[in-house]
Amino acid sequence: MITSAHIDDIRTQVRAWRAKGETIAFVPTMGNLHQGHITLVREAAQKCDHVVVSIFVNPMQFGQNEDLDAYPRTLAADSAAITAAGAELLFTPTPAVMYPKGLEQQTYVEVPGISNVLCGASRPGHFRGVATIVCKLFNIVQPDVAFFGNKDYQQLLVIKTMVEDLSLPIEIIGVDTIRENSGLAMSSRNGYLTATEKAAAPALKKAIDAMEKGIKQGESVDAVTEQAKASLVAAGFTPDYLEIRHAHTLEVAQRQDQALVILAAAYIGKARLIDNLRFDR
Ligand code: PAF
């Protein structure tokens, strides 16, 4: 695999593939890769002739008191894993490459509305950072298709909206969440969990599943949400949000809405975990 921190190297390689009429898939990541990421790379390799992966811990999407410095950097293991999964080009820029003028002077991309609710409300500026870096990476790699995990449901909607609003000629594919046997969604942040917290963490998925069941049995949104929050607190979580929203707009679900998504974020120990379930009423 070719690895480079330089924009020109990535452009040169992609141009050479394009000149032969070959297609490019892209998987942007922040590294510390797990089976969820590897699944994205495998799906990408099935869909296109070449797979480009980026690893960049993007400072613009972290808040002041978040885990930017602590975020695990595991480049050697990541590189081996994505090579085995079919990636051929790895872009590993530094912050100076991506933001040469610093964050304050950087032009940014802001997707209004859906960026400001749920994770966007808890993490102000987070989705501006995500949209900006993904837009820059798209402009560097210029893929035909890009792959993202459905676990970051709101992020996926923000990116789809950005692509549509800015008329970017890129197909966005969301890939199902990969879970541990316990049901816990795979996440780089699971590495922050102690053994006790990891044993308690599947309660997040269980709470979401119970909400879906309650709604399908005709219980009220308020009732199922209160029960689920109580179950999370009993398991040792501090819930951030637990909500049922319209699956496409992320607006608060109305009685007549069919396409729904349950979205949850909760703290346990040093980790803030998120999960979701898309379902039809
Ligand atoms: O999901 C992630 O890992 C990041 O938010 C992304 C999309 C790579 C942008 O930094």
Side-chain angles (χ1 to χ4, degrees), residues 34-37 39-40 42-43 111 113-123 126-127 130 146-164 171-187 189-190 200-235 237-268 271-281:
H34 51 70
Q35 220 34 55
H37 297 107
T39 305
L40 300 183
R42 284 217 189 90
E43 300 241 342
V111 178
I114 55 167
S115 291
N116 302 324
V117 297
L118 303 163
C119 281
S122 305
R123 306 180 66 191
H126 170 66
F127 287 116
V130 170
F147 290 76
F148 295 85
N150 285 339
K151 184 177 80 70
D152 297 298
Y153 189 89
Q154 189 176 4
Q155 168 172 285
L156 183 62
L157 285 190
V158 167
I159 290 164
K160 282 184 171 168
T161 307
M162 174 186 78
V163 163
E164 196 179 320
E171 182 187 356
I172 303 299
I173 297 188
V175 176
D176 283 350
T177 302
I178 304 294
R179 299 181 180 279
E180 312 240 356
N181 289 338
S182 64
L184 176 65
M186 291 205 182
S187 163
R189 291 188 167 100
N190 291 351
L204 189 58
K205 166 78 171 136
K206 288 194 185 118
I208 292 173
D209 288 345
M211 284 175 79
E212 182 205 16
K213 194 166 166 209
I215 292 292
K216 285 187 167 165
Q217 286 171 349
E219 290 178 44
S220 75
V221 168
D222 286 351
V224 297
T225 306
E226 282 320 306
Q227 283 160 20
K229 274 193 183 151
S231 72
L232 283 182
V233 172
F237 276 97
T238 304
D240 178 1
Y241 62 76
L242 195 53
E243 305 232 4
I244 305 182
R245 297 272 175 138
H246 188 286
H248 305 141
T249 62
L250 293 191
E251 280 167 17
V252 174
Q254 305 297 316
R255 276 191 170 281
Q256 70 278 8
D257 290 339
Q258 291 300 312
L260 300 174
V261 58
I262 300 169
L263 298 131
Y267 297 91
I268 183 163
R272 179 179 181 279
L273 303 184
I274 59 172
D275 205 342
N276 67 78
L277 177 66
R278 165 79 181 83
F279 70 105
D280 292 311
R281 200 195 290 268

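- When side chains are defined from C-beta on, S115 does not count as touching M162, because their heavy atoms never get closer than 4.5 Å.
- The closest side-chain heavy-atom distance from V111 to F127 is not below 4.5 Å.
- Side chain of N190 to backbone of A185: a donor-acceptor contact under 3.5 angstrom is found.
- Looking at heavy atoms from C-beta onward, I159 lies in side-chain contact with Q155 at the 4.5 angstrom threshold.
- By the 4.5 Å heavy-atom criterion applied to side chains, V224 and I244 are counted as neighbours.
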Practice problem: Please step through side chain to side chain contact (heavy atoms under 4.5 Å, CB included) for the pair I274 and L263, ending with a clear verdict. | Solution: CA-CA 8 Å; I274 59 172; L263 298 131; over 6 Å; no

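- Counting only heavy atoms from C-beta outward, the side chains of M211 and T225 approach each other to under 4.5 Å.
- Put simply, NE2 on H37 and CZ on R42 are 13.5 Å apart, with the number rounded to the nearest 0.5 Å.
- In this structure, A235 and I268 approach most closely via the heavy-atom pair O-CD1, 4.5 Å.
- Of the inter-residue distances, the one linking Q35 atom CD with I178 atom CD1 reads 7.5 Å to the nearest 0.5 angstrom.
- Across K151 and M186, no two heavy atoms sit closer than the pair CE-O, 3.3 Å.
- Ring geometry for H248 versus H246: interplanar angle over 60°, hence perpendicular rather than tilted (30 to 60°).
- For the pair V221/I215, a side-chain contact is recorded, criterion being any heavy-atom separation below 4.5 Å from C-beta on.
- A pairwise comparison of heavy atoms in S231 and A207 identifies OG-CB, 3.7 Å as the closest pair.
- In this structure, the separation between OG on S187 and CZ on R179 is 11.5 Å, given to the nearest 0.5 Å.
- Annotation for E171: atom CD counts as buried by contact number, over 12 foreign heavy atoms lying within 6.0 Å.
- In this structure, CD in Q258 is found 7.5 Å from CG in L260, a value given to the nearest 0.5 Å.
- Remark: L250 CG to L157 CG distance equals 5.0 Å, nearest 0.5 Å.
- Shown here for A259 and R278, the closest heavy-atom pair between the two residues is CB-NH2, 3.7 Å.
- Between N276 and I208, every side-chain heavy-atom pair lies at or beyond the 4.5 Å cut-off.
- Looking at Y153, its side chain does come within 3.5 Å of a backbone N or O of A247 through a donor-acceptor pair.
- Looking at heavy atoms from C-beta onward, R245 lies in side-chain contact with V117 at the 4.5 angstrom threshold.
- The residues D209 and K213 are annotated as not salt-bridged, no charged nitrogen and carboxylate oxygen being separated by less than 4.0 angstrom.
- Atoms OG and NZ, from S182 and K206 in turn, are 7.5 Å apart once rounded to the nearest 0.5 Å.
- Checked options D275, L273, L204; the residue passing with L184 is L273 (criterion: side chain to side chain contact (heavy atoms under 4.5 Å, CB included)).
- Scanning all heavy atoms of the two residues, the minimum distance from N150 to T177 falls at C-OG1, 3.8 Å.
- Checking side-chain atoms of Q154 against main-chain N and O of C119 turns up a donor-acceptor pair under 3.5 Å.
- Closest heavy-atom contact between Q254 and V252: NE2-O, 3.1 Å.
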